[in-house]
Amino acid sequence: MENRRVRVRFAPSPTGPLHMGGVRTALYNYLFAKKHGGDFLLRIEDTDQTRYVAGAEEYVVDALKWCGMTIDEGASVGGDNGPYRQSERKPMYRQYAQQLLESGHAYYAFDTPEELTEMRERLKAAGMAAPQYNAVTRSGMKNSLTLSAEEVKKRLDAGDKYIVRVKMPRNEEVKFEDIIRGWVCVNTNNLDDKVLFKSDGMPTYHLANVVDDYLMNISHVIRGEEWLPSAPLHVLLYRFFGWADVMPEFAHLPLILRPDGNGKLSKRDGDRLGFPVFPTNWKNPETGEQSSGYRERGYYPGAFNNMLAFLGWNPGTTQELFSMEELIQAFSLERVGKAGAKFDFDKTNWFNQQYLRMHNGSELATQLKPYLAAENLVVENEYIAQVCDLMKERATFVQDILKEGPYFFEAPTSYDEKTIKKKWKEQTPEHIRELSGLLKELPLFDAESIGACFKSFLEAKELGFGAVMPGFRVSVTGLGAGASMNDIAALLGKKEVLRRIEVALNSIKK
RNA sequence: GUCCCCUUCAUCUAGUGGUUAGGAUAUUACCCUUUCACGGUAAAAACAGGGGUUCAAUUCUCCUAGGGGAUACCA
């Protein structure tokens with residue numbers, strides 16, 4: 001047990017795209033596995049065929065890949081413990097249900113959905129808030145505990161629909177030690193006879209998950225807190241099967257909460273909270289509804305991971321920027337907090353800004369190119385790189401460089417009204433024209449020379465920066481603010497600068 | 001309703017039986033600067049409440065409140 005190989009699984013249900021909470025669960029699993037030199041498996045939990053959504057599995061695989069998580073074994077890559085899709089494992093589960101039936105830990109139930117609803121309605125009317133199929137109520141239902149052996153056999157032979165329920169023992173304390181929460185203790189009187197095997201021949205999550213984790217030799221189950229209430233049932237199942245000695249350790253992660261009000265972040269939140277909840281774009285195949293993803297919004301996978309890792313975990317130091325490799329080294333489940341964490345979009349952007357700065361101009365140029373191409377701007381790499389170097393400190397996303405500095409790629413077609421209104425004085429055209437004439441004579445058109453030229457012009461005319469600079473800027477860039485004008489002008493080149501000034505002087509009217 | 005889990009600045013969080021309760025994001029101010037950013041320096045900002053235990057509790061414990069989760073032939 002102690003030196004068991006670490007094997008963890010991420011086990012999403014393909015009912016739609018993964019949301020960030022799911023990605024974080026996958027990430028913690030991945031980090032834990034890699035930290036301990038273990039395996040990260042991907043298992044598709046598609047036991048509910050009615051909820052299957054086309055493309056969901058591909059989405060998950062693609063999203064994990066984008067985030068930089070490599071699947072060692074599982075759906076999309078294969079392995080020795082397959083298949084890794086529960087629907088394809090369907091024939092394997094029946095025998096396990098049978099085993100429980102034979103050992104008396106489970107029983108057949110023949111109640112129709114209508115009968116179940118009727119029972120619930122009746123008990124609700126009697127004042128029970130959440131009626132359960134349990135040790136008390138099962139005696140009034142149609143199952144192999146209340147029906148005679150002959151009747152049960154007759155129904156089974158006749159091919160009547162049935163399900164298998166766990167026979168929850170009475171008044172027993174189920175205890176298990178969660179890595180994050182410590183000892184968790186629940187009395188079985190509060191647990192119900194959960195369905196293990198459905199009438200369509202598929203297992204429910206509870207059975208499938210325990211059987212598969214056992215068969216796949218999973219050492220640690222790291223999943224969201226929403227599973228905590230059913231963990232005691234799973235523990236019991238391991239015991240009933242006689243697998244208690246190889247039962248995985250549990251770690252129930254705190255949930256990611258919505259930044260507004262309360263509640264956990266869910267797929268349904270889409271973009272309506274003002275930020276994406278999905279790692280990558282998603283189009284609902286049924287409704288056609290589109291949801292945006294972090295990838296397409298221009299976030300770096302590293303920044304996204306880094307942000308996610310810190311939502312519920314921290315290294316105990318003041319370091320906040322971690323590469324995947326560093327996260328693996330630093331990660332431990334012991335440092336995962338217990339309380340739910342509200343998602344902070346501002347901080348997400350901050351992480352991205354930090355990541356953007358780690359890239360040099362030519363790397364950013366490569367990243368920016370697609371955005372330029374989308375605007376039909378064809379520019380030389382070297383030039384883009386210089387623009388990026390100049391602009392990166394004011395960008396959170398690469399595309400901000402284009403957004404904040406369109407003038408690097410196209411001459412302005414309009415001029416910022418506010419700046420014109422406030423800074424374009426009567427004397428301005430005259431000053432700009434004079435400055436233009438001086439710039440024209442510069443033998444070397446670099447930032448330093450331009451700066452010196454500008455300064456000597458001001459001195460000669462006894463003018464302040466504010467009297468000329470804004471006009472100069474708006475003439476050349478069309479904007480009232482931005483990077484150093486000396487740098488901008490140098491990058492643009494003398495010819496272009498002079499040309500733009502000419503155009504501006506002819507078109508700016510006040 | 002019932003069961004389970006949780007509770008440090010607005011947010012993510014560090015932390016210890018005795019600390020000026022630390023950092024980051026966001027906010028504000030000042031500095032730098034032609035401007036916008038960046039950067040720098042500051043500021044404001046928290047131990048949910050009430051009992052215990054203790055010389056001493058943010059820290060241990062109980063209760064209350066608040067929040068979250070679960071309560072399906074869904075995962």
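We name chains A, B, ... by the order of the sequence lines, and we start the count at 1 in each one. All values below come from the heavy atoms of this structure, side chains included, with hydrogens, waters and symmetry mates left out.
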Practice prompt. Look at the side-chain N and O atoms of A/Asn314 and state whether any lies under 4.0 Å from the OP1 or OP2 oxygen of B/U13.
Written response: no
Practice prompt. Apply side chain to side chain contact (heavy atoms under 4.5 Å, CB included) to A/Tyr84 and A/Met216, showing your working.
Written response: CA-CA 9 Å; A/Tyr84 295 93; A/Met216 295 179 185; 3.8 Å; yes
Would you tabulate the nitrogen or oxygen pairs shorter than 3.5 Å linking the protein to nucleotides 66-70 of chain B?
{"from": "B/G67", "atom 1": "O3'", "to": "A/Asn262", "atom 2": "ND2", "distance (Å)": "3.3"}
{"from": "B/G69", "atom 1": "OP1", "to": "A/Lys264", "atom 2": "N", "distance (Å)": "3.1"}

Discussion item. Taking the C1' atom in each of B/A46 and B/U7, what is the distance between them to the nearest angstrom?
Written reply: 12 Å
Worksheet entry | Test item: A/Glu326 side-chain N/O and A/Ser323 main-chain N/O as donor-acceptor pair under 3.5 Å | yes
Discussion item. With rounding to the closest Å, how many angstrom separate the P atoms on B/G17 and B/U61?
Written reply: 13 Å
Worksheet item: So what does A/Asp111 hit on the nucleic acid, given a heavy-atom distance under 4.0 Å: a base, only sugar-phosphate, or nothing?
Response: base
Discussion item. For a quick test of reading the model: is some side-chain N or O of A/Arg473 closer than 4.0 Å to OP1 or OP2 of B/U33?
Written reply: no
Discussion item. What's the gap between B/A72 and B/U59 when it is taken at their C1' atoms, as a whole Å value?
Written reply: 42 Å
Worksheet item: Within this structure, what is the CG-to-P distance between A/Leu321 and B/G23, rounded to whole angstrom?
Response: 18 Å
Discussion item. For B/U20, give the paired nucleotide (Watson-Crick: N1-N3 plus N6-O4 or O6-N4; G-U: N1-O2 and O6-N3; both under 3.5 Å), or none.
Written reply: none
Discussion item. Using a 4.0 Å heavy-atom cut-off, does A/Ser484 contact any base of the nucleic acid, only the sugar-phosphate backbone, or nothing at all?
Written reply: base
Practice prompt. Report the C-alpha distance between A/Tyr300 and A/Met358 in whole Å, list the side-chain angles of each, state the deciding distance to 0.1 Å, and finish with yes or no for side chain to side chain contact (heavy atoms under 4.5 Å, CB included).
Written response: CA-CA 11 Å; A/Tyr300 291 103; A/Met358 292 176 197; over 6 Å; no
Worksheet item: Where the side chain of A/Met469 is defined as all heavy atoms beyond and including C-beta, which of B/U34, B/U71, B/C6 is the nearest nucleotide?
Response: B/U34
Worksheet, complete the sentence: Scanning all shown strands, the Watson-Crick or wobble mate of B/A37 with both distances under 3.5 Å is none
Item to complete: Using a 4.0 Å heavy-atom cut-off across all strands, classify A/Gly464 as base, sugar-phosphate, or nothing.
Response: nothing
Practice prompt. Would you indicate, yes or no, if B/U2 has its OP1 or OP2 atom less than 4.0 angstrom from a side-chain nitrogen or oxygen of A/Lys124?
Written response: no
Worksheet item: For A/Gly466, which contact category applies under a 4.0 Å heavy-atom criterion: base, sugar-phosphate, or nothing?
Response: nothing
Worksheet item: How many Å lie between CZ on A/Phe176 and P on B/C5, as a whole number?
Response: 9 Å
Discussion item. Categorize A/Tyr205 for me: base, sugar-phosphate, or nothing, with a 4.0 angstrom heavy-atom threshold over every strand shown.
Written reply: base
In a table with atom names and distances, give each donor-acceptor pair under 3.5 Å that connects a side chain of residues 311-318 of chain A to protein atoms at least two apart or in another chain.
{"from": "A/Asn314", "atom 1": "OD1", "to": "A/Gly316", "atom 2": "N", "distance (Å)": "2.8"}
{"from": "A/Asn314", "atom 1": "OD1", "to": "A/Arg335", "atom 2": "NH2", "distance (Å)": "3.1"}
{"from": "A/Thr317", "atom 1": "OG1", "to": "A/Gln319", "atom 2": "N", "distance (Å)": "3.3"}

Worksheet item: Considering only the C1' atoms, how many Å lie between B/A14 and B/G69, rounded to the nearest integer?
Response: 26 Å
Practice prompt. Report yes if a side-chain nitrogen or oxygen of A/Arg51 is closer than 4.0 Å to either non-bridging phosphate oxygen (OP1 or OP2) of B/A72; otherwise report no.
Written response: no
Response to the item:
By nearest-nucleotide position on RNA chain B, the 5'-leaning member of A/Ser13 and A/Phe465 is A/Phe465
Discussion item. What is the distance, to the nearest angstrom, from the CG atom on A/Asn306 to the C1' atom on B/U25?
Written reply: 13 Å
Item to complete: Check every strand shown and say whether A/Pro232 touches a base, only sugar-phosphate, or nothing at a heavy-atom separation below 4.0 Å.
Response: nothing
Worksheet entry | Inter-nucleotide P distance (B/U25, B/G66), Å rounded | 35 Å
Response to the item:
Whichever of A/Glu393 and A/Ala11 has the more 5' nearest nucleotide on RNA chain B, that residue is A/Glu393
Item to complete: Write down the partner of B/A42 under the Watson-Crick or G-U wobble criteria, each distance required to be under 3.5 Å.
Response: B/U28
Worksheet item: Does a nitrogen or oxygen in the side chain of A/Thr47 sit under 4.0 Å from OP1 or OP2 of B/A75?
Response: yes
Discussion item. I need the full list of ring pair (Phe, Tyr, Trp, His ring centres under 6.0 Å) pairs touching residues 182-213 of chain A, with sequence neighbours left out, sorted by first then second residue.
Written reply: A/Tyr205-A/Trp227, A/Tyr205-A/His234, A/His206-A/His234
Item to complete: Would you classify A/Asp48 as touching base, sugar-phosphate or nothing, given that sugar-phosphate means primed atoms plus P, OP1 and OP2, and contacts are heavy atoms under 4.0 Å?
Response: sugar-phosphate
Worksheet item: Is it the case that A/Arg155 places NZ or CZ above or below the six-membered ring of A/Tyr162, under 6.0 angstrom from the centre and within 45 degrees of the axis?
Response: no
Practice prompt. Carefully, step by step, assess A/Asp48 and A/Arg51 under the rule salt bridge (charged side-chain N to carboxylate O under 4.0 Å, His left out).
Written response: CA-CA 6 Å; A/Asp48 185 353; A/Arg51 292 211 307 163; 3.6 Å; yes
Item to complete: Please give the nucleotide sitting opposite B/C60 as a Watson-Crick or G-U wobble pair, both distances under 3.5 Å, or none.
Response: B/G52
Worksheet item: Centroid-to-centroid, A/Tyr96 to A/Tyr214, below 6.0 Å?
Response: no
Response to the item:
Taken to the nearest whole Å, CZ/A/Phe351 to C1'/B/G23 is 12 Å
Worksheet entry | A/Lys422 NZ to B/U34 P, straight-line distance once rounded to whole Å | 17 Å
Item to complete: May I ask you to say what A/Arg335 touches in the nucleic acid, namely base, sugar-phosphate or nothing, with a heavy-atom cut-off under 4.0 Å?
Response: sugar-phosphate
Worksheet item: For the ring pair A/Tyr28 and A/Phe331, is the centre-to-centre distance below 6.0 Å?
Response: yes
Fill in: Rounded distance in Å - CD1 (A/Ile44) to P (B/C74)
18 Å
Discussion item. Students often get this wrong, so: under 4.0 angstrom with heavy atoms, is A/Arg223 touching a base, only sugar-phosphate, or nothing?
Written reply: nothing
Worksheet item: In this structure, which one of A/Thr396, A/Thr348, A/Asn349, A/Asn352 forms a side chain to side chain donor-acceptor pair (under 3.5 Å) with A/Tyr299?
Response: A/Asn349
Discussion item. So for A/Lys194 and B/A72, does any side-chain atom that can act as donor or acceptor lie under 3.5 Å from a complementary atom in the base?
Written reply: no
Discussion item. Taking any heavy-atom pair under 4.0 Å as a contact, classify A/Ala341: base, sugar-phosphate, or nothing.
Written reply: sugar-phosphate
Worksheet item: Does B/A70 have a Watson-Crick or wobble partner in any strand here, with both distances under 3.5 angstrom, and which is it?
Response: B/U2
Practice prompt. Report the distance from atom CH2 of A/Trp183 to atom P of B/C6, rounded to the nearest whole Å.
Written response: 15 Å
Discussion item. By the 4.0 Å heavy-atom rule, please label A/Gln132 as base, sugar-phosphate, or nothing.
Written reply: sugar-phosphate
Practice prompt. Could you check how far NZ of A/Lys175 sits from C1' of B/C4, rounded to whole Å?
Written response: 16 Å
Practice prompt. For B/G50 and B/A24, measure between their P atoms and round to the nearest Å.
Written response: 31 Å
Worksheet item: Which whole number of Å gives the distance between the P atom of B/U33 and that of B/U28?
Response: 22 Å
Discussion item. Could you check whether any side-chain heavy atom of A/Ile488 comes within less than 4.5 Å of a side-chain heavy atom of A/Thr477, counting everything from C-beta outward?
Written reply: yes
Worksheet item: Mind checking the P distance from B/A57 to B/G49? Whole angstroms is fine.
Response: 15 Å
Worksheet item: Taking only side-chain nitrogens and oxygens of A/Lys198, does any of them come within less than 4.0 Å of OP1 or OP2 of B/C74?
Response: yes
